[in-house]
Undergrad: 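First, the structure itself, so that you have it in front of you.
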Amino acid sequence: MKKARELPAAELSDLSAVRVVSADRAHTPFWRDERVLRVFAQLAFLAIILLLLGYLVNNMLQALSRQGLVLGFSFLSSTAGFDIGETLIPFDRSQTYGRAFVVGLLNTVNVSVWGILFATLLGVVVGVARLSQNILVQFLARFYIEALRNVPLLVLLIFVYAGVFLNFPQIRQALRVGPVMLSNRGVYLPWPIPTETFDDFRLFLLAGVIASAAIWVLLWRRHKGSGPAWPKWVWSAGVGVGLVALGWVVLIAQPPLALEYPEVEGLKVSGGKRFTPEFMALWSGLVIYTAAFIADVVRAGIQSVSKGQVEAARALGLNGAQTLRLVVFPQALRVIIPPLTSHYLNLTKNSSLAVAVGYPDLFSVSGTILNQSGRALEIIALAMSIYLSLSLLTSLFMNWYNRRTRLVER
Amino acid sequence: MQKQPFIVGSLVALSLALSACAAPQTQTQTQSAPQRVVETVVVTVEVPVTTTPAPAAPAAAATPVPAAGAAGFGETLKAIQARGKLVCGVNGQLPGFSFIDPQGNWSGFDADFCRVLAAAIFGDATKVEFRPLTTQERFTALQSGEVDVLIRNTTWTLVRDTDLGLNFTAVTFYDGQGIMVRNDSGITKLEDLKGATICVQKGTTTELNLADALSTAGVEYTPATFEDINQTYGAYAQGRCDAVTSDKSQLSSVAKGVLPDPDNHVIMDLTLSKEPLGPVVRHGDDQWLDIVRWSIFATFFAEEKAITSANVDDVKANTTNPEIKRFLGVEGELGQKLGLSNDWAYKLIKQVGNYAEIYDRNLGPNTKTYIARGQNSLYTNGGLLYSPPFR
């Protein structure tokens, strides 16, 4: 559409000719009037799309009715009948397909959130290392990015799962690295368990959070009112941690949290926090894969900041770290965020490769439901719309953040 | 403004994907387009063979290739004849049942029943296209007409028979669900599995039976579910799970054909469920249902009357038994009633063999995947195989 308006320079210069054409418009028959034709073209396109859609939907409904199948979501309230190996909320065979869906959704969200968090951290580190003055560091970062960006994720996942996590020792010969226990049933960490005094301790926790927030706001106001720039984070965090530590000392007779260590008990490991090989494989695969892309985005962002900015910062006496933190990064962020958003979306969508490593994510659970209930259309539609909503939510948040960090131009 | 094309686009993509699942007409036609030349050749060969049953064949040759998915009396057979081959959905990963052997040929018990059908329809057991399907794809592939018949160790259940729009034709293999553990695990009964991790293939009846049985026994366990057979047993072999559960036939087939150390594994002496396995067809075409069902009965019947691929010519020439005469098409017109040629049973016995031959070839004592016949013997030998009369 834009192209139609771009007249060659020669014609543009002849302004009088343009004017003549516009004056003539009143007499142009509607089938030659560009405005009418444009609207007509849009309508025709819409009609074709609707016809196509209608044909496809009609075809689908006919095929369904021929086989005596009906569409509907009432099956979501029937009993699932299967168990799921890894759940964030309690689930057993007597619960509904709907709840199984929720279990899968939460597993997807779980691996995506942790994946996004760690991929960002790793990606930023590798991206900065890629620009390091140190040749070895720079080479390693470049090797990491080039190697991982060019391996298919599915291959990487299966390698990490079957080649790494399943090859950990068997449960009876579980490997202990400090307090961490490694076996091919999962990675077990010692985990704090609340004791009887935890309720009292919670008061101290609450007080700590309130106090540190209050101090932060106070210092921020003073700073804004041209007061001295106190290190806000140091003070507010210090006071908060101090209060919590005080609580611990007061309750020292019976510490409010006790570390629980994993122990082999019969066929399973009890105690501690368990990360299954499936989760670990999917999470680490997604993290190291996506981090390679994020690293390149970070590198591009940093390089987009003009050299003069760095030189000016150095001239003002800022050291390397300060230059990066105070001058380069805030400006690079504007370039980084839009592509970063799409890598976050990719990570979330790529988590559906969980089926390859047996992690019960949304797609894997919906596959099971599909097969047990036979409702292919409804389930695929549901899974697609859930992924769509997840992606739109992520985009929404990232767009809001993008607007905040954008350079305000007047 | 920016979002609108995006939403419209995703809607189009959504509906395209949806209708692709359930729009057999468009799909099969476009897919079979490049094969047209082959098909017409096959049809012209086919016409003289089917001149006696008459009207069906010329009609099929004249009309454009009808979609296999268009259910309705007689449509499936017409579509198969016009296409020139049977499309049979199989497992493909299960030695002894359906598997590509080292020579690159499909072999196995289920694969041979596909050949039985091809022999009955075309008089040529080779006119089969095998389509390996996962547990998850199998019903959709059948519902949408991508395959004509599903012979993929599928358990007959009420929900599948009704809700999924499918018909189970007959039972070719009576199975039961078992649990396999390592010899050195010391697990002998269900209660020993407390706290265990159990590998199971996703989307199967065994997954449901496991949940039922262990929750009834009050045994707490963790399932580890995988997409296909190789993943499931691969994880078990690496010690990810204490036990693996499936149909006993599958456990024994995998233990002997896939696991690196077959002697270190034992199938526990308990049966969690009944698993009658057999071919499945779509609702709506009763003629096709009859053809599949009676072709299977034909293999039972032939074993009962001791008719084998080796002696069937002899029997056909010399028999005086009227029932066998009817069966082999010497007398009467049983085949025509199914829409086939009268010597359909003769052809399938001649080319593939009776039930005992099929069983021994794939699961007999001389194979690596030996399974004792047990319940899968003729009723005259204390088993469950029983053919209704051919009359």
Side-chain angles (χ1 to χ4, degrees), chain A residues 46 49 52-53 55-57 59-64 66-69 75 80-86 92-94 161-162 165-167 169-171 183-185 265-268 270 276-278 355-358 360 364 367-377 380-381 384-385 388 392, chain B residues 8 10-12 14-19 21-26 69-72 135-136 138-140 143-145 159-160 163-166 185 187 192-197 202-204 207-208 210-212 214-215 221-227 231-232 234-235 238-240 242 282-284:
Chain A
L46 192 68
I49 297 239
L52 195 68
L53 264 180
Y55 170 74
L56 291 174
V57 169
N59 192 1
M60 178 189 87
L61 290 178
Q62 274 184 4
L64 282 175
R66 257 206 307 276
Q67 290 159 32
L69 302 177
F75 72 94
F82 57 87
D83 285 312
I84 299 178
E86 198 174 347
D92 68 57
R93 61 165 298 285
S94 61
Y161 181 58
F165 286 103
L166 278 191
N167 278 328
Q170 307 253 336
I171 187 162
S183 82
N184 67 1
R185 294 295 164 79
E265 187 182 89
L267 292 173
K268 64 170 188 176
S270 67
T276 62
E278 290 79 27
V355 280
V357 293
S364 167
T368 309
I369 301 175
L370 189 160
N371 201 35
Q372 302 296 11
S373 70
R375 304 300 191 126
L377 287 171
I380 300 283
M384 282 172 87
S385 47
L388 187 66
L392 288 178
Chain B
V8 171
S10 57
L11 273 176
V12 172
L14 183 73
S15 52
L16 273 175
L18 291 184
S19 52
C21 308
Q25 278 179 327
T26 45
T135 43
Q136 309 212 43
R138 56 182 169 178
F139 298 126
T140 317
Q143 285 165 344
S144 64
V159 171
R160 288 172 176 177
D163 223 17
L164 302 195
L166 306 175
S185 66
I187 298 170
D192 295 342
L193 286 167
K194 188 170 162 35
T197 307
K202 184 158 108 71
T204 52
E207 188 185 11
L208 304 180
L210 179 71
D212 285 359
L214 292 193
S215 82
Y221 77 109
T222 312
T225 54
F226 296 93
E227 190 78 0
Q231 279 184 329
T232 313
Q238 284 192 286
R240 172 69 184 86
D242 301 293
R282 282 181 294 281
H283 269 175

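Proteins come first, then strands; the chains are lettered A, B, ... in the order of their sequence lines, and each starts at number 1.
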Undergrad: Under 4.5 Å heavy-atom distance to chain B, tell me which part of A:Tyr161 shows up: side chain, backbone, both or neither.
TA: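 The answer is the side chain of A:Tyr161.
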Undergrad: Of the backbone (N, CA, C, O) and the side chain (C-beta and beyond), which part of B:Ser215 lies under 4.5 Å from a heavy atom of chain A, both, or neither?
TA: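 Just the side chain, heavy atoms under 4.5 Å.
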Undergrad: Pick whichever of B:Gln136, B:Arg240, B:Glu207, B:Arg160 has the most heavy-atom pairs under 4.5 Å with chain A.
TA: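 Of B:Gln136, B:Arg240, B:Glu207, B:Arg160, B:Arg240 has the most heavy-atom pairs under 4.5 Å with chain A.
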Undergrad: Would you confirm whether B:Lys202, through its side chain, and A:Ser364, through its main-chain N or O, come within 3.5 Å as a donor-acceptor pair?
TA: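 Yes, the answer is positive, given that a donor and an acceptor are paired below the 3.5 Å cut-off.
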Undergrad: Could you check which of B:Ala196, B:Ala235, B:Gly234, B:Pro223 has the highest count of heavy-atom pairs closer than 4.5 Å to chain A?
TA: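 Ranked by contacts with chain A, first place is B:Pro223.
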Undergrad: Drop me the distance from A:Arg375's CZ to B:Leu164's CG, to the nearest 0.5 angstrom.
TA: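 Here the interatomic distance stands at 9.0 Å.
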Undergrad: Could you look at A:Ile84 and say if it's the side chain, the backbone, both or neither that has a heavy atom under 4.5 Å from chain B?
TA: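 For A:Ile84, the backbone is the part near chain B, not the side chain.
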Undergrad: At a heavy-atom distance under 4.5 Å, which candidate from B:Thr222, B:Thr225, B:Asp212 has the highest pair count against chain A?
TA: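 The answer is B:Asp212.
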Undergrad: Could you check whether any side-chain N or O of B:Gln143 sits under 3.5 Å from a backbone N or O of B:Gly165, counting only pairs where one atom can act as donor and the other as acceptor?
TA: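 No, B:Gln143 side chain to B:Gly165 backbone: no donor-acceptor pair under 3.5 Å.
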Undergrad: If you round to the nearest 0.5 Å, how far is OH of B:Tyr221 from CG of B:Leu193?
TA: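 So the gap between those two atoms works out to 10.5 Å.
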Undergrad: Counting only heavy atoms closer than 4.5 Å, note whether B:Gln238 contacts chain A via side chain, backbone, both or neither.
TA: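 B:Gln238 touches chain A through backbone and side-chain heavy atoms alike.
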Undergrad: Atom CG in A:Leu166, atom CD in A:Glu278: separation rounded to 0.5 Å?
TA: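 Interatomic distance, A:Leu166 CG to A:Glu278 CD, rounded to 0.5 Å: 7.0 Å.
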Undergrad: For chain A, which of B:Thr204, B:Val159, B:Thr232 has the most heavy-atom pairs under 4.5 Å?
TA: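 Looking at each of B:Thr204, B:Val159, B:Thr232 in turn, B:Thr204 comes out on top.
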Undergrad: Output yes when B:Asp242 and B:Lys194 qualify as a salt bridge under the 4.0 Å nitrogen-oxygen rule, no when they do not.
TA: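 No, no charged N to carboxylate O under 4.0 Å.
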